[in-house]
> 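Can you keep this structure in mind? I'll have questions shortly.
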Amino acid sequence: MNKVDRYAVIGHPVAHSRSPFIHTRFAAQTGQALEYGTIDVKPEDFEATMRRFFDEGGKGLNVTVPHKEVAFKLSSELTPRAQLARAVNTLAIASNGGLLGDNTDGAGLARDLLNNHRVSIAGRRVLLLGAGGAARGALAPLLGLRPSKMTIVNRNVMRAHELVEQFSSMGKLSAVGYHELVDEPFDLVINATAASLAGELPALPPGIVNTRSICYDMAYAREDTPFVRWAHQRGVARALMGLGMLVEQAAESFYLWRSVRPDTASVLAALTAELQAG
Ligand code: NDP
């Protein structure tokens, strides 16, 4: 039997993951005895590997690309926010011994915007780029902050319309295709597409931002992402990347597992320095 509680991030690929860096620091800071590793597993082996981890005494997993939807399906119990997101990024042992699935991405985004960057959303016009898992997970927390309106734009516009159907009871929400975006500036533009990961930029008309706009890319990198570069070129007030979202979603997972809320500011500072150092 392991004396130290075991946790890991499971994904494919996963070697690049910053989660061990973050959780190891959370544990040291809060005096929690745990170890946190990485598990690289292809989709066809996900279920068996994940179940073995828990059968052998593992306490919790962070789930990343491409397994979040399968983890959702395999969870025997779901938190309300995981149900809304239809994706699971955190697995824990439920009180009845089954698998509890949670999704902390949206809460992580909201905390990063509000607490780390002091971006207010109440009464603001928000444009959300993308309609994949990250966008779905962000919708309820963002609408809970009461923007005056929120527009979802996606290449496959049907996916954006599906999100509007699911979430429209929570706020003023609409869906458009990129060609339908008019030259009307938004206060906040959040990139929840996977475009940055491929070094690409969604087809954005220049007039959707002005010098008061804030742009936020959920993706993060050592250099500015194409979306952040685009935003700077248009002279926006601020262009931000999602490293803080990563740390904040990790803190939410840590809290679910350990019932202790770590201090994120010092870990975000350490992670930013590590990323800069390469
Ligand atoms: P998904 O694969 O679920 O969704 C991808 C989305 O991106 C779809 O809406 C897709 O549009 C769109 N897309 C992909 N390429 C392009 C492109 N070239 N131009 C325009 N749209 C494009 O990905 P996720 O939702 O899981 O992840 C989205 C992003 O969020 C990633 O960059 C990921 O790294 C980031 N993320 C960051 C986190 C953090 O902690 N900082 C946490 C979770 C995610 P279509 O439907 O038309 O194909």
Side-chain angles (χ1 to χ4, degrees), residues 9-14 16-19 21-23 43 62-72 81-82 84-90 102-113 116-117 127-142 151-164 166 175-181 189-205 208 215-222 224-230 240-254 264 267-268 271-272 275:
V9 54
I10 185 165
H12 183 70
V14 84
H16 66 284
S17 173
R18 308 281 169 170
S19 293
F21 180 99
I22 297 169
H23 282 282
N62 280 131
V63 183
T64 188
V65 180
H67 305 310
K68 289 184 187 183
E69 282 78 18
V70 184
F72 171 76
R81 59 192 181 183
L84 284 172
R86 293 188 201 154
V88 154
N89 80 334
T90 308
D102 193 7
N103 190 312
T104 65
D105 283 336
L109 170 68
R111 275 180 176 269
D112 190 38
L113 284 168
N116 299 335
H117 299 297
L127 177 64
L128 184 64
L129 315 179
R136 181 184 289 282
L139 273 167
L142 289 175
T151 305
I152 307 171
V153 59
N154 199 45
R155 285 185 312 198
N156 176 346
V157 75
M158 281 313 297
R159 294 183 81 191
H161 280 292
E162 281 163 22
L163 292 184
V164 170
Q166 189 191 343
V176 294
Y178 283 97
H179 63 283
E180 295 170 279
L181 279 173
V189 181
I190 298 173
N191 183 14
T193 74
S196 293
L197 300 180
E200 294 168 3
L201 180 69
L204 299 171
I208 59 163
C215 290
Y216 185 102
D217 199 340
M218 286 192 188
Y220 54 86
R222 196 165 156 208
D224 286 349
T225 61
F227 175 66
V228 163
R229 280 203 301 277
W230 173 89
L240 309 163
M241 288 191 279
L243 201 60
M245 175 180 174
L246 180 76
V247 174
E248 296 296 343
Q249 62 78 28
E252 289 280 318
S253 301
F254 193 87
T264 50
V267 177
L268 178 54
L271 185 58
T272 304
L275 195 70

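Order of listing sets the numbers, starting from 1, for every ligand and every atom in it. All heavy atoms count here, side chains included; hydrogens, waters and symmetry mates do not. Just so we're clear, the structure is a prediction, and the values are computed from it rather than from any experiment.
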> Please name the pair of heavy atoms, one in H23 and one in S253, separated by the smallest distance, quoted to 0.1 Å.
CE1-CB, 4.4 Å
> Just to confirm my output: which protein heavy-atom neighbour is closest to atom 38 (C) of ligand 1, and how far is it?
M245 CE, 3.8 Å
> Considering heavy atoms of the protein only, find what lies nearest to atom 14 (C) of ligand 1 and give residue, atom and distance to 0.1 Å.
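Going by distance alone, atom 14 (C) of ligand 1 is nearest to R155 NH2, 3.5 Å.
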> A203 and Y178: which non-hydrogen atoms are nearest, and at how many Å?
O-CD2, 3.4 Å
> Among all protein heavy atoms in this structure, tell me which lies nearest to atom 46 (O) of ligand 1, with the distance rounded to 0.1 Å.
R159 NH1, 2.6 Å
> Hey, which atoms in ligand 1 end up nearer than 4.0 Å to a heavy atom of G242?
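Near G242, meaning under 4.0 Å from one of its heavy atoms, ligand 1 has 41 (N).
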> Between E69 and R136, does the salt bridge (charged side-chain N to carboxylate O under 4.0 Å, His left out) criterion hold? Intermediate values first, please.
CA-CA 12 Å; E69 282 78 18; R136 181 184 289 282; over 6 Å; no
> Which option wins on minimum heavy-atom distance to atom 9 (O) of ligand 1: V157, L109, N154, L163?
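Looking at heavy atoms only, N154 sits closest to atom 9 (O) of ligand 1.
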> Using a 4.0 Å heavy-atom cut-off, which part of D105 comes near ligand 1: side chain, backbone, both, or neither?
side chain
> Which ligand 1 atoms does A131 reach within 4.0 Å, using its non-hydrogen atoms?
9 (O)
> So F227 and L204, do their side chains get closer than 4.5 Å, heavy atoms only?
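The answer is yes, as the side chains (C-beta and beyond) meet within the 4.5 Å cut-off.
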> Do L109 and E248 come close enough that some side-chain heavy atom pair is under 4.5 Å?
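With C-beta onward as the side chain, the pair stays apart.
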> Any side-chain heavy atom of T90 within less than 4.5 Å of one from E252?
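T90 does not reach E252 side chain to side chain.
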> Answer with side chain, backbone, both or neither: which part of K68 has a heavy atom less than 4.0 angstrom from an atom of ligand 1?
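Within the 4.0 Å criterion, K68 contacts ligand 1 through side-chain atoms alone.
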> Who's the nearest protein heavy-atom neighbour of atom 33 (C) of ligand 1, and how far?
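It is L197 CD1, 4.2 Å.
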> At what distance is the nearest protein heavy atom to atom 18 (N) of ligand 1, and which residue and atom is it?
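It is E200 OE1, 2.6 Å.
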> Which option out of N103, L128, T193, T64 puts a heavy atom nearest to atom 12 (C) of ligand 1?
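Among N103, L128, T193, T64, the closest heavy atom to atom 12 (C) of ligand 1 belongs to T193.
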> Is it the case that the side chains of S196 and D217 hold a donor-acceptor pair, with the cut-off being a distance below 3.5 Å and no angle test?
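Yes - a donor-acceptor pair under 3.5 Å links their side chains.
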> Search all heavy atoms of G177 against all heavy atoms of V153 and return the closest pair with its distance.
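Nearest heavy atoms, G177 then V153: C-CG2, 3.6 Å.
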> Considering only the protein, which heavy-atom contact is closest to atom 23 (O) of ligand 1, and what is its distance?
A194 CB, 4.4 Å
> Please answer whether the main-chain N or O of P226 pairs with a side-chain N or O of E200 as donor and acceptor at a distance below 3.5 Å.
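No, E200 side chain to P226 backbone: no donor-acceptor pair under 3.5 Å.
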> If you have a sec, work out which protein heavy atom is nearest atom 3 (O) of ligand 1 and how many Å separate them, to one decimal?
G133 N, 3.0 Å
> Under a 4.0 Å heavy-atom limit, does A198 contact ligand 1 with its side chain, its backbone, both, or neither?
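For A198, no heavy atom sits under 4.0 Å from ligand 1.
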> Side chain or backbone, does Y220 bring an N or O within less than 3.5 Å of an N or O on ligand 1?
no
> Considering heavy atoms of the protein only, find what lies nearest to atom 25 (O) of ligand 1 and give residue, atom and distance to 0.1 Å.
A134 N, 2.7 Å
> Report, in ascending order of atom number, the atoms of ligand 1 lying under 4.0 Å from any heavy atom of L246.
40 (O), 41 (N)
> One residue to check: M218. Relative to ligand 1, which of side chain, backbone, both or neither has a non-hydrogen atom less than 4.0 Å away?
both
> Return the minimal non-hydrogen interatomic distance between M241 and T225, and the atom names on each side.
SD-CG2, 3.6 Å
> Which of the numbered atoms in ligand 1 are below 4.0 angstrom from a heavy atom of A219?
32 (O)
> As an exercise, identify every atom of ligand 1 less than 4.0 angstrom from a heavy atom of G130.
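Atoms satisfying the 4.0 Å criterion: 9 (O).
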> Taking N103 for its side chain and A87 for its backbone only, find out whether a donor-acceptor pair lies under 3.5 Å.
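Yes, N103 side chain to A87 backbone: donor-acceptor pair under 3.5 Å.
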> Between D224 (side chain only) and R229 (backbone N and O only), is there a donor and an acceptor less than 3.5 Å apart?
no
> Within this structure, what is the CG-CD1 distance for the pair L142 and I190, rounded to the nearest 0.5 Å?
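Nearest 0.5 Å value for the CG-CD1 distance: 4.5 Å.
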> Assess A192 for proximity to ligand 1: is some non-hydrogen atom of it under 4.0 Å away?
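True for this residue.
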